[in-house]
Amino acid sequence: MKYGLNAAARTHVGRVRSNNEDNFYLQGEIREDVNRQEAEARGDFSPARFLAAVADGMGGEDRGELASLLAVQALKPCAWDQIPEVSAAAMDRANVAICREMEQAGGGRMGSTLTALYIDGERAVCCNIGDSPCYLLREGTLLPLSADHNKAARLIRLGVLTPEQAARHPSRHELTQHLGIFPEEMIIEPALSQAVTLQEGDRFLLCSDGLTDMVTQEEIAVLLSSGDAPEEQAEALVQAALEAGGRDNVTVVVVRVEAESRPFWRRMFEGKPRRGQRDAV
């Protein structure tokens with residue numbers, strides 16, 4: 001079966017922070033002007049060489065948003081058999097760019113997570129470093145695709161914490177891997193998920209922890225299970241995080257897999273997002 005993709009990205013500064021350190025990538029569209037505290041993108045896309053991502057910057061002042069911008073700027077789509085090599089190279093390129101920026105600035109740490117969803121044809125795979133999650137919602141069940149690079153996840157593997165305990169444990173924000181680590185300190189090791197064969201109705205969600213710290217997985221699954229379009233679901237997810245307190249920046253990308261039934265004239269424009277940004281609030 002041939003598929004089409006409908007996708008939307010939305011980022012918001014939240015209700016507590018004064019600046020937005022998150023960024024997104026949606027088939028070439030990013031939050032390029034980091035002085036704008038809200039941004040969005042959406043569109044219909046071909047599943048050939050499709051790429052979406054979320055980056056959660058760290059560093060304070062203007063450092064975190066620069067780190068996440070450098071992270072998404074390093075990305076590029078590719079063919080299926082190139083994904084392991086290209087995704088690893090993108091992570092390395094982003095890490096080098098962030099480390100170079102720290103050196104040129106004369107000190108002060110900065111960094112970013114980066115979680116990317118690659119789709120080509122009828123298959124998808126997630127590559128990530130840090131703890132920004134990627135989920136697949138299939139038949140009402142929310143399935144994690146990304147790996148958490150934090151101390152809480154390590155404690156789960158050691159049997160010290162259960163997943164339920166780890167979800168609220170303070171160590172969940174202590175990253176063991178992220179972009180912005182000098183080679184002499186550690187060699188970064190991005191995680192690559194198992195491949196997923198697409199099914200009609202699948203929904204992928206990439207997000208920053210500004211969503212998952214505020215909204216439970218059960219609530220996320222309910223919102224993603226609605227029949228709404230991805231841009232409406234992205235907005236609903238952001239609003240749910242804000243209503244729960246909005247203590248952090250919140251960024252979401254929702255990707256829906258649908259049967260390819262669009263007419264020829266519309267398919268000619270696949271991959272060209274409908275652009276739009278919102279002014280700072």
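Please read all numbers here as calculations on a predicted model, not as lab measurements. FYI, side chains are in, hydrogens and waters are out, and symmetry mates aren't considered; it's all heavy atoms of this structure.
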Can you measure from [atom1] ([X]) to [atom2] ([Y]) and round to the nearest 0.5 angstrom?
| X | Y | atom1 | atom2 | result |
| --- | --- | --- | --- | --- |
| Tyr135 | Thr115 | OH | OG1 | 10.5 Å |
| Asp44 | Arg42 | CG | CZ | 10.5 Å |
| Arg15 | Arg247 | CZ | CZ | 13.0 Å |
| Ile187 | Gln177 | CD1 | CD | 10.0 Å |
| Thr251 | Glu21 | OG1 | CD | 11.0 Å |
| Cys127 | Leu145 | SG | CG | 12.5 Å |

Give a yes or no answer on whether the side chain of [X] reaches the backbone of [Y] with a donor-acceptor pair at less than 3.5 Å.
| X | Y | result |
| --- | --- | --- |
| Asn249 | Asn19 | yes |
| Glu122 | Asp120 | no |
| Glu29 | Leu26 | no |

Between [Y] and [X], is there a side-chain donor-acceptor contact under 3.5 Å, judged purely by atom types and distance?
| X | Y | answer |
| --- | --- | --- |
| Asn20 | Thr11 | yes |
| Ser146 | Asn128 | no |
| Gln233 | Arg203 | yes |
| Gln239 | Glu235 | yes |

Which heavy atom of [X] sits nearest to which heavy atom of [Y], and what is that distance?
| X | Y | value |
| --- | --- | --- |
| Thr212 | Pro133 | CG2-CG, 3.8 Å |
| Leu114 | Ala53 | CD1-CB, 4.3 Å |
| Ser46 | Leu5 | O-CD1, 3.9 Å |
| Cys126 | Cys134 | SG-CB, 3.7 Å |
| Gly57 | Ser68 | N-CB, 3.8 Å |
| Tyr118 | Lys76 | CE2-O, 3.9 Å |

The test is side chain to side chain contact (heavy atoms under 4.5 Å, CB included); show your working for Glu231 and Asn6 and say whether it passes. CA-CA 9 Å; Glu231 57 262 37; Asn6 184 237; 3.9 Å; yes
| request: Give the intermediate values and the outcome of side chain to side chain contact (heavy atoms under 4.5 Å, CB included) for residues Val250 and Leu237. | output: CA-CA 9 Å; Val250 55; Leu237 288 163; over 6 Å; no
What donor-acceptor contacts under 3.5 angstrom involve side-chain atoms of residues 87-99, with partners at least two apart or in another chain?
{"from": "Ser87", "atom 1": "OG", "to": "Ile83", "atom 2": "O", "distance (Å)": "2.7"}
{"from": "Ser87", "atom 1": "OG", "to": "Pro84", "atom 2": "O", "distance (Å)": "3.3"}
{"from": "Arg93", "atom 1": "NE", "to": "Ala74", "atom 2": "O", "distance (Å)": "3.4"}
{"from": "Arg93", "atom 1": "NH2", "to": "Ala74", "atom 2": "O", "distance (Å)": "2.6"}
{"from": "Asn95", "atom 1": "OD1", "to": "Gly180", "atom 2": "N", "distance (Å)": "2.6"}
{"from": "Asn95", "atom 1": "OD1", "to": "Ile181", "atom 2": "N", "distance (Å)": "3.0"}
{"from": "Asn95", "atom 1": "ND2", "to": "Ile181", "atom 2": "O", "distance (Å)": "2.9"}

Do the side chains of [X] and [Y] join up, straight or via other hydrophobic residues, at under 4.5 Å, putting them in one cluster?
| X | Y | result |
| --- | --- | --- |
| Leu211 | Val222 | no |
| Val196 | Val86 | no |
| Val215 | Val16 | no |

message = Please evaluate residues Leu51 and Gln27 with respect to the criterion side chain to side chain contact (heavy atoms under 4.5 Å, CB included), reporting the C-alpha separation (whole Å), side-chain torsions for both, the decisive distance (0.1 Å), and the verdict.
response = CA-CA 5 Å; Leu51 176 58; Gln27 200 67 343; 4.1 Å; yes
Give me each pair satisfying salt bridge (charged side-chain N to carboxylate O under 4.0 Å, His left out) with a member in residues 94-103, each pair once, sequence neighbours excluded.
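Applying salt bridge (charged side-chain N to carboxylate O under 4.0 Å, His left out) to every pair that reaches into residues 94-103, excluding sequence neighbours, yields Arg63-Glu101.
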Under 3.5 Å, side-chain donor or acceptor atoms of residues 137-144 against the rest of the protein: list the pairs with distances, not counting sequence neighbours.
{"from": "Arg138", "atom 1": "NE", "to": "Asp202", "atom 2": "OD1", "distance (Å)": "2.9"}
{"from": "Arg138", "atom 1": "NH2", "to": "Thr197", "atom 2": "O", "distance (Å)": "2.8"}
{"from": "Arg138", "atom 1": "NH2", "to": "Asp202", "atom 2": "OD2", "distance (Å)": "2.6"}

Check your understanding: Would Leu117 and Val253 satisfy side chain to side chain contact (heavy atoms under 4.5 Å, CB included), going step by step from the backbone distance to the final call?
Key -> CA-CA 10 Å; Leu117 175 69; Val253 179; over 6 Å; no
Is there a side-chain contact between [X] and [Y], using heavy atoms and a 4.5 Å cut-off?
| X | Y | answer |
| --- | --- | --- |
| Phe50 | Val255 | yes |
| Leu198 | Phe204 | yes |
| Thr113 | Asp131 | yes |

| Taking 4.0 angstrom as the limit, do Glu38 and Arg31 come out as a salt bridge? |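 Here Glu38 does not pair with Arg31 in a salt bridge, since their nearest N and O are not under 4.0 Å apart.
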* To do: Using a strict 4.0 Å threshold on nitrogen-to-oxygen distance, state whether Glu185 and Arg109 make a salt bridge.
  =>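 Yes, this pair counts.
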Given Asp56, Asp248, Asp213, Asp22, the one that forms side chain to side chain donor-acceptor pair (under 3.5 Å) with Ser208 =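 Going through Asp56, Asp248, Asp213, Asp22 one by one, the side chain to side chain donor-acceptor pair (under 3.5 Å) with Ser208 is satisfied by Asp22 alone.
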